[in-house]
Structure formats: structure tokens, C-alpha cells
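A short write-up of the structure that comes next.
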Amino acid sequence: MIRYVPLVALAIACAACSKPPQPHEPPAPQARVETPWDSLEAQKKKAQDVQKTVDAQAKAQADAVDAQTQ
């Protein structure tokens with residue numbers, strides 16, 4: 001009987017140390033941190049949008065000139 005006491009104590013210690021499994025949850029999204037080049041990217045995007053507008057106006061004007069000359 002005394003031979004089993006260390007085994008029972010070891011089993012109890014192992015059971016007490018084990019943690020129940022945690023539910024698997026995805027990590028919470030973190031807030032975006034502003035980087036030094038974010039303002040440059042914003043300026044680049046704005047310049048691209050302006051260029052698209054200028055190209056569209058130039059195409060419309062060229063179409064109008066072509067329509068008048070024909």
C-alpha cells in the first residue's frame with residue numbers, strides 16, 4: 001500500500017498542474033500604426049487621381065476637336 005502513495009501523489013500533482021485547454025480564438029485586430037511614409041503615399045495617391053482626371057479631360061477635349069474637324 002505504501003508503494004502506491006508516491007504514484008498517487010505524482011498523479012495528483014500532474015492533474016493539478018495541467019491547465020484546461022483554452023478556446024482557440026483568433027487574435028484581436030490591432031490599430032494601424034502610422035508610418036513616416038504614410039503622408040508620402042497619400043500624396044502619391046492624390047497625384048495619381050489628379051493625373052487620371054487630367055487624362056480624362058484631355059481625351060474628352062481631343063474627342064471634341066476630332067468631332068469638329070470631321
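Side-chain contacts under 4.5 Å among hydrophobic residues (ILVMFWY), followed directly or transitively, place Tyr4 together with Leu7. When hydrophobic side chains of Ile, Leu, Val, Met, Phe, Trp and Tyr are connected at separations under 4.5 Å, Leu10 ends up as a singleton with no cluster partners. Side-chain heavy-atom separations under 4.5 angstrom define the hydrophobic clusters, and the remaining members of the one that includes Val8 are Ile12.
At most 12 heavy atoms of other shown residues, nucleotides or ligands fall within 6.0 angstrom of atom CD in Gln61.
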Counting only pairs under 3.5 Å, give me each side-chain donor-acceptor contact of residues 23-38, with atom names and distances, residues two or more places apart or in other chains.
residue, atom, partner, partner atom, Å
Arg32, NH1, Asp38, OD2, 2.9
Arg32, NH2, Asp38, OD1, 3.3
Thr35, OG1, Asp38, OD1, 2.8
Thr35, OG1, Asp38, OD2, 3.4
Asp38, OD2, Thr35, N, 2.9

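Residues passing the salt bridge (Lys or Arg N to Asp or Glu O under 4.0 Å) test with Lys45, sequence neighbours excluded: Asp49. Applying the side chain to side chain donor-acceptor pair (under 3.5 Å) rule to Gln51 yields the partners Asp55; only residues at least two apart in sequence or on another chain are considered.
Contacts classified as salt bridge (charged side-chain N to carboxylate O under 4.0 Å, His left out) and involving residues 57-68 (residues at least two apart or in different chains) are given here: Lys59-Asp63.
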